[in-house]
Amino acid sequence: MVVVSESDVKVREAPPHGAIGMSTAYRISDAAPQPRTMEFRRRVLDPGAAVGEHPISHDEVYYVTSGKGVVMSDGVEAELSPGMAAYLYEGAVVGIRQVGPEPLSIIISYPVSPKD
């Protein structure tokens, strides 16, 4: 077992896949040594920030804990708010952007691939 405090894995950085705006990343599963089979992370997107659209090689879940966002998958968009999740499928081109006045906090989970 590994117990992780968010404060120990907090990193302020531009979001991945395009560096659109700024965010705070919590790389929770990075604290668990390999071998592990899944990633579990939280990211808080500042107003106007986005994880740019990118292809995924595995299924992935975005779960909103606060704020509002718009998730994209293969050109289709859907609004997300707290308590909602988007299940994204392997091979899709996906991304998410913050909308509204408050930051968007999401949990991101996906399996570890050989490239991770």
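- Within the 4.5 Å cutoff, the side chain of H58 has no heavy atoms near those of the V112 side chain.
- Counting Ile, Leu, Val, Met, Phe, Trp and Tyr side chains that sit under 4.5 Å apart, directly or through other members, V3 shares a hydrophobic cluster with M1.
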Show the atom names and distances, to 0.1 Å, of all donor-acceptor pairs under 3.5 Å that link a side chain in residues 64-74 to residues at least two apart or in another chain.
{"from": "T65", "atom 1": "OG1", "to": "S105", "atom 2": "O", "distance (Å)": "3.3"}
{"from": "T65", "atom 1": "OG1", "to": "S105", "atom 2": "OG", "distance (Å)": "2.7"}
{"from": "D74", "atom 1": "OD1", "to": "V93", "atom 2": "N", "distance (Å)": "2.8"}

Which donor-acceptor pairs under 3.5 Å do the side chains of residues 14-28 make with protein atoms, sequence neighbours left out?
{"from": "S23", "atom 1": "OG", "to": "E13", "atom 2": "O", "distance (Å)": "2.9"}
{"from": "S23", "atom 1": "OG", "to": "R43", "atom 2": "NH1", "distance (Å)": "2.7"}
{"from": "T24", "atom 1": "OG1", "to": "R12", "atom 2": "NH1", "distance (Å)": "3.1"}
{"from": "R27", "atom 1": "NH2", "to": "E13", "atom 2": "OE1", "distance (Å)": "2.7"}
{"from": "R27", "atom 1": "NH2", "to": "E13", "atom 2": "OE2", "distance (Å)": "2.6"}

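- A donor-acceptor pair under 3.5 Å links the side-chain atoms of H54 to the main chain of V94, judged by distance alone.
- Contact detail for A32 and V2: the closest heavy-atom pair is CA-CG2, 4.2 Å.
- Between Y62 and L88, the closest side-chain pair of non-hydrogen atoms falls below 4.5 Å.
- The CD atom of Q98 sits 12.5 Å away from atom CG of L80, with the distance rounded to the nearest 0.5 Å.
- Placement of L104 and I107 in two distinct hydrophobic clusters is found when ILVMFWY residues are connected by side-chain heavy-atom separations under 4.5 Å, directly or transitively.
- The CD atom of E6 lies 13.5 Å from the CZ atom of R41; values are rounded to the nearest 0.5 Å.
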Please determine whether side-chain contact (heavy atoms from CB on, under 4.5 Å) holds for the pair R36 and D30, giving the CA-CA distance in whole Å, both sets of side-chain angles, and the decisive distance to 0.1 Å. CA-CA 10 Å; R36 63 179 189 270; D30 285 4; 3.4 Å; yes

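- V99 and I106 are members of different hydrophobic clusters when ILVMFWY side chains are connected at heavy-atom separations under 4.5 Å.
- Taking 4.5 Å as the limit, every side-chain heavy atom of I108 sits out of range of all side-chain heavy atoms of V61.
- For residues 53-63, no pair satisfies salt bridge (Lys or Arg N to Asp or Glu O under 4.0 Å), with sequence neighbours left out.
- With rounding to the nearest 0.5 angstrom, the OG atom of S109 is 3.5 Å from the CE atom of M38.
- The ring pair (Phe, Tyr, Trp, His ring centres under 6.0 Å) analysis of residues 69-89, with sequence neighbours excluded, yields the pairs Y87-Y89.
- Under a hydrophobic clustering in which Ile, Leu, Val, Met, Phe, Trp and Tyr are joined whenever their side-chain heavy atoms come within less than 4.5 Å, directly or via other members, V11 and V44 fall into different clusters.
- Taken from CZ in R42 to OG in S29, the straight-line distance is 14.0 Å, to the nearest 0.5 Å.
- Under the rule for a salt bridge (Lys or Arg N to Asp or Glu O under 4.0 Å), E90 has no partner lying at least two apart in sequence or in another chain.
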